[in-house]
Engineer: 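Could you have a look at this structure, given as structure tokens, before my questions?
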2 protein chains.
Amino acid sequence: MIRFSKMADYGVLLLGHFTQNGNALVNTAGLAEQYHMPRTVVANLLKEFCKAGLLESRRGLHGGYRLLRAPDDISLLDMLSVIDGPVQLTDCAAEDIIHQCDYSDVCHSRSPMRAVNQRIVDFLGQMTLSELMNDVAPATIAPLDTSTSTTS
Amino acid sequence: MIRFSKMADYGVLLLGHFTQNGNALVNTAGLAEQYHMPRTVVANLLKEFCKAGLLESRRGLHGGYRLLRAPDDISLLDMLSVIDGPVQLTDCAAEDIIHQCDYSDVCHSRSPMRAVNQRIVDFLGQMTLSELMNDVAPATIAPLDTSTSTTS
DNA sequence: CCCAAAGAGGACTAATCCAGTGCTCTTTCC
DNA sequence: GGAAAGAGCACTGGATTAGTCCTCTTTGGG
Ligand code: FES
Ligand code: FES
């Protein structure tokens with residue numbers, strides 16, 4: 001089954017919460033209780049988002065987290081990248097891979113696969129946190145264009 | 001890292017090979033050698049594709065596999081489904097899930113997430129094996145449409 | 001001034017999943 | 001009848017992931 005990690009699910013849920021709280025500070029314990037998730041898991045996730053610059057934190061008594069960027073300036077890709085790392089559907093899908101993989105001599109789909117990967121990355125990058133919370137329908141992903149070359 | 005399984009990579013590579021061989025029978029040992037993959041792995045993959053109706057097999061001496069459907073009638077989604085199972089980016093992304101997940105009471109992104117999932121499924125479903133072998137550029141994935149509802 | 005509440009930063013563990021292996025059975029051809 | 005090839009499983013070792021735990025720092029309040 002092709003799936004984001006469970007942590008990513010949690011992460012989206014939690015970040016979603018911050019869009020509903022203005023810029024008030026929200027603490028780990030409260031979130032863990034409200035979303036019935038393990039406290040430690042929530043703590044780890046928020047720490048990661050904080051390091052990645054999606055949230056800002058306030059330590060000490062009455063501390064907590066709040067969004068650092070606007071909900072429509074945070075993409076699904078941003079969130080996923082923090083937790084699941086880059087979208088790299090196949091080994092040689094990474095944009096910056098120059099050195100060929102073990103199968104480059106016999107593989108004829110390197111370039112199309114990279115293009116597929118890029119389409120999905122772009123799509124996830126266009127999907128914002130606000131849209132995720134607003135029940136909108138995502139755009140469709142256009143099929144491959146068999147004559148134009150839009151990627152490297 | 002968000003990734004298809006390694007087996008899926010192998011699978012695409014192998015199916016790709018069949019597009020270049022007309023309808024000649026190709027056997028496991030030969031493929032394994034040519035693609036320097038473990039014989040057992042190739043065998044397992046081809047068996048799966050065969051069960052799924054993408055390949056047909058001929059047993060016995062001089063047996064082997066060949067494509068059962070035309071290369072432009074086999075989508076990337078077909079191949080991935082056989083090996084990695086359904087694309088279900090989050091637990092509640094499955095189309096047929098009626099019963100709500102553990103977080104449905106606090107989650108506001110169920111519907112958009114399912115739509116995201118569906119867009120990706122559609123995209124993978126449009127990508128054919130021929131296109132994968134022809135170095136074409138995949139279509140773009142259009143951004144979310146915030147007014148129209150194109151999904152359930 | 002000291003304590004409690006909260007985040008920071010790691011390391012760690014248990015359980016799950018996946019890639020790869022192995023074996024036996026059946027089919028087919030010569 | 002024997003060898004080559006696929007069918008059908010069940011299994012294992014290693015990697016990955018979910019979740020835990022502990023200690024340190026920061027902050028505010030009494
Ligand atoms: S699998 Fe790496 S070049 Fe195709
Ligand atoms: S996570 Fe299941 S309803 Fe949103």
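By convention in this document, chain letters (A, B, ...) are assigned in the order of the sequence lines, proteins followed by strands, and residues within each chain are numbered from 1.
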Engineer: Give me the residues of residues 76-87 of chain A where at least one heavy atom lies under 4.0 Å from an atom of DNA chain D, by number, or none.
Structural biologist: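 Residues of residues 76-87 of chain A under 4.0 Å from DNA chain D: none.
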Engineer: Shoot me the first and last contacting nucleotide of DNA chain D against chain B, ordered 5' to 3', at under 4.0 angstrom to non-hydrogen atoms.
Structural biologist: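 Both ends considered, the range comes out as dA4(D) to dC9(D).
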Engineer: Under the side-chain contact (heavy atoms from CB on, under 4.5 Å) rule, collect the residues that match up with Asp84(B), sequence neighbours excluded.
Structural biologist: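 Scan of Asp84(B) (side-chain contact (heavy atoms from CB on, under 4.5 Å), adjacent residues dropped) gives Ile2(A), Phe4(B), Ser5(B), Ala8(B), Leu80(B).
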Engineer: Does CD belonging to Glu33(B) count more than 12 external heavy atoms closer than 6.0 Å?
Structural biologist: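 No.
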Engineer: If you take any heavy atom closer than 4.0 Å to DNA chain D, which residues from residues 39-60 of chain A end up in contact?
Structural biologist: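 The stretch gives Thr40(A), Val41(A), Asn44(A), Arg58(A), Arg59(A), Gly60(A) as the residues lying under 4.0 Å from the strand, ordered by number.
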Engineer: Can you name the side-chain hydrogen bond (donor to acceptor under 3.5 Å, both in side chains) partners of Asp122(B), sequence neighbours left out?
Structural biologist: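 Partners of Asp122(B) under the side-chain hydrogen bond (donor to acceptor under 3.5 Å, both in side chains) test: Gln118(B).
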Engineer: side-chain hydrogen bond (donor to acceptor under 3.5 Å, both in side chains) with Thr40(B): which residues, sequence neighbours excluded?
Structural biologist: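 Expected list: none.
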Engineer: Could you tell me the separation between the CE atom of Met79(B) and the CG atom of Leu132(B), rounded to the nearest 0.5 Å?
Structural biologist: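 Rounded to the nearest 0.5 Å, the CE-CG separation comes out at 5.0 Å.
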Engineer: Between Met1(A) and His62(A), who's closer to the 5' end of DNA chain C by nearest nucleotide?
Structural biologist: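 On the 5' side of the pair lies His62(A).
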Engineer: Please report the C-alpha distance between Asp91(A) and Lys6(B) in whole Å, then the side-chain angles of each, then the deciding distance to 0.1 Å, and finally whether the salt bridge (Lys or Arg N to Asp or Glu O under 4.0 Å) criterion is met.
Structural biologist: CA-CA 8 Å; Asp91(A) 279 339; Lys6(B) 201 169 179 181; 5.8 Å; no
Engineer: Who passes side-chain hydrogen bond (donor to acceptor under 3.5 Å, both in side chains) against Arg69(B), sequence neighbours left out?
Structural biologist: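 Counting only residues at least two positions away or on another chain, Arg69(B) forms a side-chain hydrogen bond (donor to acceptor under 3.5 Å, both in side chains) with Asp78(B).
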Engineer: Say whether Leu61(B) and Tyr65(B) are linked into one hydrophobic cluster, either directly or through other cluster members, by side-chain heavy-atom distances under 4.5 angstrom.
Structural biologist: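 No, no single cluster joins them.
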Engineer: Could you pull out all donor-acceptor pairs under 3.5 Å where a side-chain atom in residues 17-32 of chain A meets a protein atom, sequence neighbours excluded?
Structural biologist:
unit_1, atom_1, unit_2, atom_2, d
His17(A), ND1, Tyr35(A), OH, 2.7
His17(A), NE2, Asn21(A), ND2, 3.0
Thr19(A), OG1, Gly16(A), O, 2.6
Gln20(A), NE2, His108(B), NE2, 3.4
Asn21(A), ND2, His17(A), O, 3.1
Asn27(A), OD1, Gly30(A), N, 2.9

Engineer: For chain A and DNA chain C, what are the first and last nucleotides along the strand, 5' to 3', with at least one atom under 4.0 angstrom from a heavy atom of the protein chain?
Structural biologist: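 In short, chain A contacts DNA chain C from dA5(C) to dG10(C).
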Engineer: List the residues meeting side-chain hydrogen bond (donor to acceptor under 3.5 Å, both in side chains) with Arg110(B), not counting sequence neighbours, and say none if there are none.
Structural biologist: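 For Arg110(B), no residue satisfies side-chain hydrogen bond (donor to acceptor under 3.5 Å, both in side chains) once neighbours in sequence are set aside.
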Engineer: Where does the angle between the aromatic ring planes of Tyr103(B) and His36(A) fall among parallel (under 30°), tilted (30 to 60°) and perpendicular (over 60°)?
Structural biologist: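 Because their plane-to-plane angle is under 30°, the rings of Tyr103(B) and His36(A) count as parallel.
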Engineer: Could you identify which residues of residues 7-37 of chain B place a heavy atom less than 4.0 Å from some atom of DNA chain C, listed by residue number, or say none?
Structural biologist: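 Per residue number, the list reads Met7(B), Tyr10(B).
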Engineer: State which residue, out of Leu15(A), Leu129(A), Val12(A), fulfils the side chain to side chain contact (heavy atoms under 4.5 Å, CB included) condition with Leu76(A).
Structural biologist: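 Exactly one pass, corresponding to Val12(A).
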Engineer: Would you check if the side chain of Thr128(A) reaches a backbone N or O of Glu131(A) as a donor-acceptor pair within less than 3.5 Å?
Structural biologist: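 The answer is yes, because a donor-acceptor pair under 3.5 Å joins these two groups.
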Engineer: For Glu56(B), enumerate each residue passing the side-chain contact (heavy atoms from CB on, under 4.5 Å) test, keeping only those at least two apart in sequence or located in another chain.
Structural biologist: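 Testing Glu56(B) for side-chain contact (heavy atoms from CB on, under 4.5 Å), a comparison that skips the adjacent residues, returns Arg66(B), Leu68(B).
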Engineer: Rounded to the nearest 0.5 Å, what separates atom CD1 in Ile83(B) from atom CG in Leu45(B)?
Structural biologist: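 Taking CD1 in Ile83(B) and CG in Leu45(B), the distance rounds to 5.0 Å.
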